[in-house]
Amino acid sequence: MFSSRLPQQLAANAFSAAIADLRRRGVPLADLTVTNPTTVGLLYPRDLLRQLANPAGLTYEPTPFGRRAAREIIWRNPDQVVLTASTSEAYSLLFKLLCDPGDAVLTPEPSYPLCELLTRLDAVDATPYRLEHHGVWSIDRDSVRRACTVHTRALLVVSPNNPTGSMLRADDREWLVSFASEHQLALISDEVFVEYPIAPRPDASSLLGEERVLTFTLGGLSKSAGLPQVKLGWIVVSGPSDQVAAALQRLEVMCDMYLSVSTPVQVAGPALIEAGALIRAAIRARLMENYRALLAAAERHPAIRVPAPEGGWSAVLQVPATIGEDALVLQLLQDAHIIVHPGYFFDMSHGSHLIVSLLPDPRVFETSIARVMEVSA
Ligand SMILES: Cc1ncc(COP(=O)(O)O)c(C=O)c1O
């Protein structure tokens, strides 16, 4: 009766069932997977959202790409900016723009699982290509060549990547641009974490404004201002001018059908983007504080490696492969009441990994990460 675009297996897995059970029993859990910035004790100015009540929002003037004043703040050419309700919605618009059902998008691996779910909802195949780690993460170019077929329409980059924190290397960018133009692929660059450098390298690069190949760069308030509840994201479209014009014409048709960004959010957009600097600074300070605690804990446990995240909100722990990731995360949950993610949730390969968020309250983070290391070492 239902579409095969949705996951066939909807039951909770053992891990989420165990979390739900502990919560039902009132056991306090230290959640080192939290990625919701609004629930980790950061100070948001009480009046931050007052612009949402701006009377200008009382008039409905539907514009497919959103109000110009908001688009002007995002990129130097507002005609190349499309407002969306979220990055997830932006992905969906782009899959519809670029792909017919059965076409494919090349997606990085490891990365966060949402990409695969979103492509499936649009009847598009997510074909993985690998990121490889040799002291620094970079694109496994052979895996891109192998994954690309006549059905491939686009290649997706996530930079900084979730959860590896890796950023696009400048030489990978050059290679990708020539590969994409040779195979007539569009590039989609998810740069939602770009404002959160942790240990960036000098050759970190971005696809924002890339002009040699049709490129869509994604951002949003969800991460850049720690405001996921406001629902404002964007796409910056760049590339050869004829392709940009053709893409914008088609995006306009789709955006005109959904008109999904509310007028009060568009009116408040410029003020929220500006005020977001405060929250961004608070999030940055939080990430760095927890990262320092993570490094200090790792120093006491030489069996555990913590590759430096270049940016983003998460960190990877490479742990001894003694009992397996599943057993380890369950043990941490049942015995220590700490929630961490296993690496395989993100398609990490080569050994055992745990993934932790760097957003939690530092007091919770410091004691819990020390315990995680004791149990895992
Ligand atoms: C890399 C990345 N992109 C996009 C998103 C989704 O962002 P949004 O809230 O704008 O849909 C997430 C959410 O965690 C993410 O990790």
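Only this structure's heavy atoms are used, side chains among them; waters, hydrogens and symmetry mates stay out. For ligands, and for the atoms within them, numbers begin at 1 and follow the listed sequence. Just so you know, residue 1 is the first one in the sequence shown, and it goes up from there.
- Defined by atom type and a distance below 3.5 Å, a donor-acceptor pair is missing between the side-chain atoms of Glu116 and Thr107.
- Heavy atoms of Ser88 come nearer than 4.0 angstrom to ligand 1 in at least one pair.
- Protein heavy atom closest to atom 13 (C) of ligand 1, with residue, atom name and distance, is Lys223 NZ, 3.0 Å.
- The shortest non-hydrogen separation linking Gly219 to Thr87 is O-OG1, 4.2 Å.
- In this structure, Phe193 has a heavy atom closer than 4.0 Å to ligand 1.
- Ranking protein heavy atoms by distance to atom 4 (C) of ligand 1, first place goes to Tyr112 OH, 3.1 Å.
- Ligand 1 has no atom lying under 4.0 Å from any heavy atom of Thr35.
- Residue contact annotation: Glu89 has no non-hydrogen atom under 4.0 Å from ligand 1.
- For a threshold of 3.5 Å applied to N or O pairs, the pair formed by Thr87 and ligand 1 contains at least one separation below that value.
- Taking atom 3 (N) of ligand 1 as the reference point, the nearest protein heavy-atom neighbour is Asp190 OD2, 2.6 Å.
- Side-chain polar atoms of Asp326 and Tyr344 form a donor-acceptor pair below 3.5 angstrom.
- Between the side chains of Tyr91 and Asp122, not a single donor N or O lies within less than 3.5 Å of an accepting N or O.
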Residue pair Glu72, Arg67: steps toward the salt bridge (charged side-chain N to carboxylate O under 4.0 Å, His left out) verdict:
CA-CA 9 Å; Glu72 269 167 355; Arg67 286 167 75 101; over 6 Å; no
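- No side-chain donor from either of Thr127 and Asp125 sits under 3.5 Å from a side-chain acceptor of the other.
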